[in-house]
Q: 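Take this structure first; my questions come after.
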Amino acid sequence: MDLIYKSTRNDQETATASQAILKGLADEGGLFVPTQIPKLDRSLDELSQMNYQEVAYEVMKLYLTDFTPEELKHCIRSAYDEKFDTDNIAEIVKKGDAFYLELFHGKTIAFKDMALSILPYLMTTSAKKNQVKNEIVILTATSGDTGKAALAGFADVPGTKIIVFYPKHGVSPIQEKQMVTQRGKNTYVIGIEGNFDDAQTGVKKMFSDRALAEEMDRAGFQFSSANSINIGRLVPQIVYYVYSYARLLKTGELSHGEKINVVVPTGNFGNILAAYYAKQMGVPIAKLVCASNENKVLFDFFTTGCYDRNREFILTSSPSMDILISSNLERLIYQTAGRDVKKNSTFMKELSTKGTYTVTDEMREQMKDFCGNYATEEETAQTIRETYEKTGYVIDTHTAVAAAVYKKYRQETGDETKTVIASTASPYKFTRSVMNAIDPSYDTRSDFELIDELEKLSGVKVPQAIEDIRSAPVLHDTVCETEDMCKEVKKILSLE
């Protein structure tokens with residue numbers, strides 16, 4: 001039986017997996033969700049004997065049911081290869097009282113590689129499957145990591161163009177350098193004078209602009225998304241939560257059926273939603289701990305049931321989480337509202353008009369597996385320093401937010417359940433913040449001097465992704481106001 005996807009805002013809009021991947025965002029701004037979350041059909045013991053690629057197939061075949069086994073295996077094989085600097089694709093490292101799930105061994109040294117390495121293959125396979133003749137224009141907003149991972153994934157992929165918008169003053173120097181030096185005849189990078197939410201809102205607006213869609217269609221183009229609003233991004237993320245449990249089972253760190261907690265540094269809510277899907281599929285996960293930085297909109301939501309984006313937007317040392325509108329939360333809202341599109345649409349309308357909505361007590365009861373907390377900038381830096389001093393392990397700022405929240409969670413609850421912390425980026429991606437946390441005297445050094453210091457300190461070789469940008473020329477230098485985003489897209493596509 002093929003799994004069908006529905007829009008969170010319109011019961012009548014349905015799609016196969018390949019159609020949902022191609023479209024990215026549903027009409028009326030809805031997100032595609034599967035009509036049911038499938039259960040694993042292989043036991044965790046069986047999965048524990050498999051490598052990453054084999055686990056990926058066992059998970060993804062249950063969601064991407066209109067792909068043939070050959071098509072799906074080709075996509076997986078092409079994505080999870082020597083682009084990763086470890087044969088395991090994701091590593092699990094025990095440090096102190098937690099297991100760190102290292103999701104940064106891909107080409108751009110951030111967890112986005114886990115899904116964005118495969119999305120171009122899923123997308124081009126979907127296009128063939130649906131006889132799409134148009135060129136696919138990947139339109140993406142980034143808070144720092146999605147942009148580079150998507151650019152690297154789609155660079156020079158035939159039949160595609162990729163346009164990435166990022167907040168000009170809201171990403172780390174390394175993140176920006178990675179994006180603006182991106183090669184590829186089909187790649188375009190634009191800085192905006194605004195924050196990530198402005199970029200995300202601008203992109204969503206273009207997706208739901210019918211007149212623009214018609215104009216593009218006449219010119220032989222159609223939009224799709226590489227953001228985690230695309231189900232083709234979310235499904236590959238479920239894999240590493242299944243894989244991590246299976247690996248811990250294999251190494252004897254877990255006994256059969258033993259539960260784990262998962263702590264995820266969270267901005268757009270996609271990564272922790274993938275862990276929730278893994279739990280629904282049968283992975284023994286107890287608590288899903290949502291870790292926020294000082295932009296603690298999700299912490300406040302899980303504490304009060306009220307989502308309120310009407311607050312100051314704070315630029316932090318963990319910029320990939322500097323988000324006030326967590327798009328993927330809509331999938332959880334829809335699910336806990338009894339898959340009621342009217343209820344969900346009302347909440348989303350309130351969010352766009354008033355900037356706030358409050359869920360019912362019944363919905364909150366269904367979210368009791370989630371809990372949230374946040375780390376201040378000071379706590380984040382202190383966690384990096386303490387982790388290094390106690391274990392010699394260097395973590396990035398986002399992972400440090402999760403580790404700080406985990407510490408608070410244990411102190412507050414006394415819960416000693418074994419815990420996996422999603423380590424979402426290499427410390428090399430946020431070198432200045434990481435090195436300053438360890439010793440503030442590092443601040444006088446240049447970015448690349450700090451990189452060499454970090455190598456000495458951590459004993460971890462400088463990743464190729466960083467070596468590649470040391471002397472790379474800037475190829476993208478366009479900056480625009482948020483209201484001019486559509487104009488820039490039209491210029492790139494020669495629609496003006």
Side-chain angles (χ1 to χ4, degrees), residues 95 100-113 142-149 166-181 195-196 264-268 271 291-295 314-323 374-388 393-405 421-470:
K95 295 290 174 185
Y100 288 84
L101 173 58
E102 293 184 344
L103 300 170
F104 52 75
H105 289 279
K107 208 171 174 180
T108 75
I109 57 176
F111 83 100
K112 306 293 171 77
D113 289 323
T142 185
S143 53
D145 287 338
T146 286
K148 175 59 185 179
Y166 75 97
K168 176 66 185 160
H169 308 292
V171 298
S172 81
I174 297 290
Q175 283 177 313
E176 182 171 47
K177 189 91 193 280
Q178 280 189 300
M179 285 189 282
V180 298
T181 57
N195 59 40
F196 169 72
V264 187
T266 309
N268 218 13
N271 202 359
S292 301
N293 63 19
E294 289 182 358
N295 292 293
I314 302 164
L315 290 174
T316 72
S317 59
S318 48
S320 299
M321 298 156 68
D322 291 347
I323 292 173
Y374 75 102
T376 64
E377 284 292 87
E378 199 177 308
E379 287 167 336
T380 303
Q382 187 185 339
T383 302
I384 293 171
R385 186 167 58 253
E386 281 180 4
T387 305
Y388 173 67
Y393 189 55
V394 182
I395 55 177
D396 92 292
T397 46
H398 303 75
T399 308
V401 166
V405 164
I421 293 175
S423 183
T424 52
S426 161
Y428 280 102
K429 201 142 192 173
F430 304 94
T431 321
R432 185 165 297 281
S433 297
V434 168
M435 296 301 277
N436 283 349
I438 291 170
D439 184 347
S441 68
Y442 280 121
D443 203 30
T444 55
R445 315 262 185 108
S446 75
D447 285 326
F448 284 102
E449 283 174 331
L450 288 177
I451 281 162
D452 295 330
E453 274 311 308
L454 177 54
E455 183 174 46
K456 288 180 207 163
L457 207 67
S458 65
V460 175
K461 191 171 175 294
V462 177
Q464 194 56 44
I466 299 295
E467 293 294 2
D468 288 347
I469 61 170
R470 275 189 197 263

Q: Can you name the closest pair of heavy atoms from M435 and L454 and give their distance?
A: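 That closest heavy-atom pairing would be CE-N, 3.7 Å.
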Q: My understanding is that only residues two or more places apart in sequence, or in another chain, count here; which of them pass salt bridge (charged side-chain N to carboxylate O under 4.0 Å, His left out) with D145?
A: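 By the salt bridge (charged side-chain N to carboxylate O under 4.0 Å, His left out) rule, D145 matches K429.
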Q: If every non-hydrogen atom of A422 is compared with every non-hydrogen atom of L103, which pair is closest and at what distance?
A: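 Result for this residue pair: CB-CD1, 4.3 Å.
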Q: Look only at the side chain of T266 and the backbone of V264, and say whether a donor-acceptor pair between them is shorter than 3.5 Å.
A: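 Yes, because the side chain of T266 sits within donor-acceptor range (under 3.5 Å) of the backbone of V264.
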Q: Tell me if the OH atom of Y100 is crowded by more than 12 foreign heavy atoms within 6.0 Å.
A: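 Yes, enclosed.
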Q: Mind listing the closest non-hydrogen atom pair of D113 and G106 along with its distance?
A: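 Answer, listing the atom of D113 first, then G106: OD2-C, 3.3 Å.
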Q: Can you name the one residue among K168, H169, K148 that meets side chain to side chain donor-acceptor pair (under 3.5 Å) with E176?
A: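 The passing option is K168.
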Q: Using the side chain to side chain donor-acceptor pair (under 3.5 Å) criterion, which residues pair with Q382? Sequence neighbours excluded.
A: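 In terms of side chain to side chain donor-acceptor pair (under 3.5 Å), with neighbours along the sequence ignored, Q382 is linked to E386.
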Q: Looking at residues at least two apart in the chain, or sitting in another chain, which of them share a side-chain contact (heavy atoms from CB on, under 4.5 Å) with I314?
A: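 I314: side-chain contact (heavy atoms from CB on, under 4.5 Å) contacts with E294, N295, E312, T316.
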Q: Within the structure provided, determine whether T380 and N293 are in side-chain contact (heavy-atom separation under 4.5 Å).
A: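 T380 does not reach N293 side chain to side chain.
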Q: Got a sec, which pairs hit side-chain hydrogen bond (donor to acceptor under 3.5 Å, both in side chains) with one end in residues 457-466, sequence neighbours left out?
A: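 Every pair satisfying side-chain hydrogen bond (donor to acceptor under 3.5 Å, both in side chains) with a residue in residues 457-466: Q464-D468.
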Q: Side chains of S318 and T397: any donor to acceptor distance under 3.5 Å?
A: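 No, no side-chain donor-acceptor contact under 3.5 Å.
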Q: What residues form a side-chain contact (heavy atoms from CB on, under 4.5 Å) with A381, not counting sequence neighbours?
A: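 Partners of A381 by the side-chain contact (heavy atoms from CB on, under 4.5 Å) criterion, ordered by chain and then number, come out as A437.
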Q: Please report the interatomic distance OG1(T387) to NZ(K95), rounded to the nearest 0.5 Å.
A: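 T387 atom OG1 to K95 atom NZ measures 11.0 Å (nearest 0.5 Å).
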Q: Under the side-chain contact (heavy atoms from CB on, under 4.5 Å) test, which residues partner A404, sequence neighbours left out?
A: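 By the side-chain contact (heavy atoms from CB on, under 4.5 Å) rule, A404 matches A375, T383.
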Q: Residues in side-chain contact (heavy atoms from CB on, under 4.5 Å) with S143, at least two apart?
A: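 Counting only residues at least two positions away or on another chain, S143 forms a side-chain contact (heavy atoms from CB on, under 4.5 Å) with F196, S320, I323.
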Q: Please list, chain by chain and in numerical order, all residues satisfying side chain to side chain donor-acceptor pair (under 3.5 Å) with T444, sequence neighbours excluded.
A: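 Partners of T444 by the side chain to side chain donor-acceptor pair (under 3.5 Å) criterion come out as none, since no residue qualifies.
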Q: Do you know the tightest heavy-atom contact between A402 and P265?
A: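 Between these two residues, the closest heavy atoms are CB-CD, 3.8 Å.
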Q: Would you call T146 and N268 a side-chain contact if the rule is heavy atoms closer than 4.5 Å?
A: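 T146 vs N268: side chains apart.
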Q: Taking ring-ring contact (aromatic ring centres under 6.0 Å, His included) as the test, write out the residues that go with Y166, two or more places apart.
A: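 With neighbours one apart ignored, the set is empty.
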Q: Tell me if the CD atom of E378 is crowded by more than 12 foreign heavy atoms within 6.0 Å.
A: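 It does not: E378 CD has 12 such atoms or fewer within range.
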Q: Could I get the full list of side chain to side chain donor-acceptor pair (under 3.5 Å) partners for E377, not counting sequence neighbours?
A: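 Checked E377 against side chain to side chain donor-acceptor pair (under 3.5 Å); matches are S317.
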Q: For R445, what residues pass the side chain to side chain donor-acceptor pair (under 3.5 Å) criterion, not counting sequence neighbours?
A: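 Once residues adjacent in sequence are excluded, the partners of R445 under the side chain to side chain donor-acceptor pair (under 3.5 Å) criterion are E453.
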Q: How about Q175 and T142: do any of their side-chain heavy atoms sit closer than 4.5 Å?
A: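 Q175 vs T142: side chains apart.
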Q: Can you find a heavy atom in the side chain of F104 that is under 4.5 Å from one in the side chain of D396?
A: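 A side-chain contact is absent here, since even the closest heavy-atom pair is not under 4.5 Å.
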Q: Any side-chain heavy atom of Y393 within less than 4.5 Å of one from V460?
A: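 Counting from C-beta outward, Y393 and V460 never come under 4.5 Å.
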Q: Tell me, please, which residues at least two apart from R432 pass salt bridge (charged side-chain N to carboxylate O under 4.0 Å, His left out).
A: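 Salt bridge (charged side-chain N to carboxylate O under 4.0 Å, His left out) check on R432 returns D443, D447.
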Q: Taking atom NZ of K107 as the centre, report whether more than 12 heavy atoms of other residues, nucleotides or ligands fall under 6.0 Å from it.
A: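 Check fails, neighbour count at 12 or below.
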Q: Would I466 and I109 count as a side-chain contact (heavy atoms from CB on, under 4.5 Å) here? Give the steps.
A: CA-CA 9 Å; I466 299 295; I109 57 176; 3.8 Å; yes
Q: Can you tell if the side chain of S426 reaches within under 4.5 Å of the side chain of E102, non-hydrogen atoms only?
A: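 They are not in side-chain contact.
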Q: Would you check if the side chain of Y428 reaches a backbone N or O of I174 as a donor-acceptor pair within less than 3.5 Å?
A: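 Flag not set: sc Y428 to bb I174 has no pair under 3.5 Å.
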Q: To the nearest 0.5 Å, what is the distance between OG1 on T424 and CG on N271?
A: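 So the OG1 of T424 and the CG of N271 are separated by 7.0 Å.
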